[in-house]
Amino acid sequence: TITIEYGGKKLIRVEDDGIGMDPDDARLSLERHATSKIRRADDLGADVVLFLDGDGSDDPSQTPLLLEPIARGEADMIVGRRTNASDPASFRRFHQFGNRLVCRAINVIFASDIRDVFSGYRVMTRDLVKSVPVLARGFDVETELTLQALYRQFVIAEVATVCEARPEGSHSKLRTV
């Protein structure tokens, strides 16, 4: 079910029974997003925070997979590691190369096992969000969240998710050299 109060200005809550969302509910939950309403961590009223890319490449029906390890207390941040792409254009080869390169550097520095640092599909505990200062304003926010969380010794885990190609007519703001 989806609960929207005051046109999404006060609350947007998406509840899932673990079976998956109806496609109409998923579309409704993405029509208006509440991220612009959150100015600081104190504004959060939830125990967990969900991030997903607004380009339609993340499937919201996979969210229960990301919530499970948080609910079991196994991690503070879960990252949707993009795998099993149905279309090679959904995660281009040079972007994969850059992702592996940055992950390798992070893993050497922090003795971690990060495999998709650039994924925007994430679930985090309120404690992590309140403890991690984020200064990034663009595509580097995922990297900063990861680095700050590792530096503060929060536990990060990854869950395999399917990454879909962007909807027709949408264009990436990333420019591969």
If you compare all heavy atoms of [X] against all heavy atoms of [Y], which two are closest, and at what distance to 0.1 Å?
X      : Y      : result
Glu158 : Arg115 : OE2-N, 2.9 Å
Leu128 : Ala149 : CD1-CB, 3.9 Å
Cys103 : Ile114 : CB-O, 3.4 Å

How many angstroms lie between atom [atom1] of [X] and atom [atom2] of [Y], to the nearest 0.5 angstrom?
X      : Y      : atom1 : atom2 : answer
Thr146 : Ile156 : OG1   : CD1   : 5.0 Å
Leu66  : Met77  : CG    : CE    : 11.5 Å
Leu147 : Arg152 : CG    : CZ    : 10.5 Å
Leu50  : Thr63  : CG    : OG1   : 5.0 Å
Arg122 : Leu145 : CZ    : CG    : 6.0 Å
Glu142 : Asp116 : CD    : CG    : 9.5 Å

Is Val155 linked to Val132 within one hydrophobic cluster, defined over Ile, Leu, Val, Met, Phe, Trp and Tyr using a side-chain heavy-atom separation of less than 4.5 Å?
->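 Different clusters: Val155 never reaches Val132 through Ile, Leu, Val, Met, Phe, Trp or Tyr contacts under 4.5 Å.
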
Neighbour count above 12 (heavy atom, 6.0 Å) for Arg104 CZ = no

Is the backbone N or O of [Y] less than 3.5 Å from a side-chain atom of [X], with the two atoms forming a donor-acceptor pair by type?
X      : Y      : value
Ser119 : Gly80  : yes
Gln148 : Val134 : no
Asn99  : Val117 : yes
Tyr121 : Ile78  : no

State whether a side-chain donor-acceptor pair under 3.5 Å links Ser61 with Asp59.
->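 Per modelled atom types, Ser61 and Asp59 side chains form a pair under 3.5 Å.
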
